[in-house]
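First listed ligand is number 1; within each ligand, the first listed atom is number 1. What you see is a predicted model; the values in this text were computed from it and never measured. Counting begins at 1 with the first residue of the sequence.
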Amino acid sequence: MLVRELLERVKFSIRGRRQARVLLFSLVVILLFSAWGCGRGNPGEKTTASRLLMDTHVDLTLYGVDKKTSQQITKEVFAEMMRLENILSRTEAGSDLNSVNRAAGSDWVEVGPELYLVLGKALEFAELAEGAFDPTVAPLLELWGFGTEHPKRPSEDELQAVLPLIDYRLVRLDRDRSAVFLPQEGMKLDLGAIAKGFIIDQGLEKIRKLSSGAVLINAGGDIRLSGKKPSGEKWSVGIEDPLTKDRNSGEPCLAVLHLEGELGVATSGDYQRYFKEGGELYHHILDPESGMPAGGLRSVTIVAKDALTADALSTAVFVLGKERGLSLLEQLPGIEGVLVDEEGEVIYSSGLEGKIELMR
Ligand code: ADP
Ligand code: MG
């Protein structure tokens, strides 16, 4: 039912090709879930709801709650997610993040606890990934025009002019005042690689005040899993093939993860948001060192204890590339990853042995 509804939306989407791509991606994730058993169970033991948020489709599946409770939870959770999106969005005119960006080079800005927390985490991941992950990447994103109708490849001179502004080490935080300062004019923060994870984690927090049943939140492939399904089945998460041209072709996925416990799973891929120019494909995950889309990998899926960590690290490992990315993962306890390289080869961290099923 959900699948048919999504198909209709894809067909009649009036928000353009990018929207259709996002919806198609959500559709593929949902197809994978149904194909590989995620969320299967007796009718009545789970309820599902869906909402367009954070530029993607957010699907919420609740186990073991009655319809009325589920409606109440759904309403509250989506409202909370929307509230957080409005705080953490770079493009939302009145957001905390936007205020910090507008005051770059001139003023400290006092911000709410949510932005302070997420920015602090983003800076920690930037440190961990030695700058491959960098929340000050926004001027580059704007130069490329990602998120606009007319993205374009910038010239080398344009890139060189903007690169000095991309440096997470310049961001100043004042814990006592919960304030943030960007010391150079033109600096801008973007939390697109971490906010979605944080927001779905917060969605789960909200649910936990009202239900102790199993929960699956899927925001266009960024996933939060919690609790045990009444059937006792593990969660199955399909990893799609980034090389498959036609994403709606029903092609089998590359691998399936069989997971249990409290988990966040997130994927960064070059096929999620991109444009083509002169026969070249340019995607939205940028290497802060060169200013160019990061090369080497087609997708990275991270499994961690929470979605914020999975989200941030999927982007970080994507930029770090195969060797450095895998070596970082092997150093981090409780965090695993599946990398797909340009040849379509699947490489995974050692902790996934026994939990990953390769499909070809
Ligand atoms: P998605 O948004 O498709 O889930 P990601 O989690 O990988 O994918 O986030 C990509 C987004 O992160 C980009 O759209 C942009 O907003 C931001 N971004 C791009 N490159 C970087 C980077 N090197 N470090 C931090 N954020 C980045
Ligand atoms: Mg990410």
So is [X] polar-close to ligand 1, meaning N/O to N/O under 3.5 Å?
{"X": "D190", "value": "yes"}
{"X": "D311", "value": "yes"}
{"X": "L286", "value": "yes"}
{"X": "A193", "value": "yes"}
{"X": "Q272", "value": "yes"}

Could you check [atom] against the protein and tell me its nearest heavy-atom contact, residue, atom and distance included?
{"atom": "atom 24 (N) of ligand 1", "value": "D134 N, 2.9 Å"}
{"atom": "atom 18 (N) of ligand 1", "value": "V137 CG1, 3.9 Å"}
{"atom": "atom 10 (C) of ligand 1", "value": "H284 CE1, 3.4 Å"}
{"atom": "atom 7 (O) of ligand 1", "value": "S268 OG, 2.5 Å"}
{"atom": "atom 4 (O) of ligand 1", "value": "K196 NZ, 3.1 Å"}

Do R208 and S226 pair up side chain to side chain, a donor and an acceptor below 3.5 Å, judged on atom types alone?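 There is such a pair between these side chains.
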
Under 4.0 Å between a side-chain nitrogen and a carboxylate oxygen: does that hold for R273 and D55?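 Answer for the salt bridge query: yes.
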
Under-4.0 Å salt bridge between E280 and R153: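 Looking at E280 and R153, the cut-off is not met.
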
Please check this pair: side chain of E80 against backbone of Q202, looking for a donor-acceptor N/O pair closer than 3.5 Å.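 The answer is no, because no donor-acceptor pair under 3.5 Å joins these two groups.
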
Spell out, as yes or no, whether a donor-acceptor pair under 3.5 Å connects the side chain of D201 to the backbone of A307.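 Yes.
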
As a test of understanding, state which of V303, V317, T309 forms a side-chain contact (heavy atoms from CB on, under 4.5 Å) with I335.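 The side-chain contact (heavy atoms from CB on, under 4.5 Å) with I335 is passed solely by T309 among V303, V317, T309.
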
By number and element, which atoms of ligand 1 are closer than 4.0 Å to a non-hydrogen atom of [X]?
{"X": "T315", "value": "5 (P), 6 (O), 7 (O), 9 (O)"}
{"X": "P288", "value": "23 (N)"}
{"X": "L141", "value": "15 (C), 16 (O)"}

Tell me whether A126 reaches ligand 1 (any heavy atom closer than 4.0 angstrom to a ligand atom).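 For ligand 1, residue contact (heavy atoms, under 4.0 Å) with A126 is absent.
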
Would you call the rings of F275 and F146 parallel, tilted or perpendicular, taking 30° and 60° as the class edges?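 F275 vs F146 ring planes: tilted.
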
Angle between ring planes, Y282 versus W144, binned at 30° and 60°: parallel, tilted or perpendicular?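 Rings of Y282 and W144: tilted, 30 to 60°.
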
Show your working on side-chain contact (heavy atoms from CB on, under 4.5 Å) between E110 and V180 and close with a plain yes or no. CA-CA 6 Å; E110 286 180 20; V180 184; over 6 Å; no

If the Mg ion (ligand 2) is the vertex, what is the angle to OG1 of T315 and O of D311, rounded to 10 degrees?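 It is 90°, given to the nearest 10°.
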
Go through the steps for R169 and E127 under the test salt bridge (charged side-chain N to carboxylate O under 4.0 Å, His left out), then give the verdict. CA-CA 8 Å; R169 291 165 300 191; E127 193 76 48; over 6 Å; no

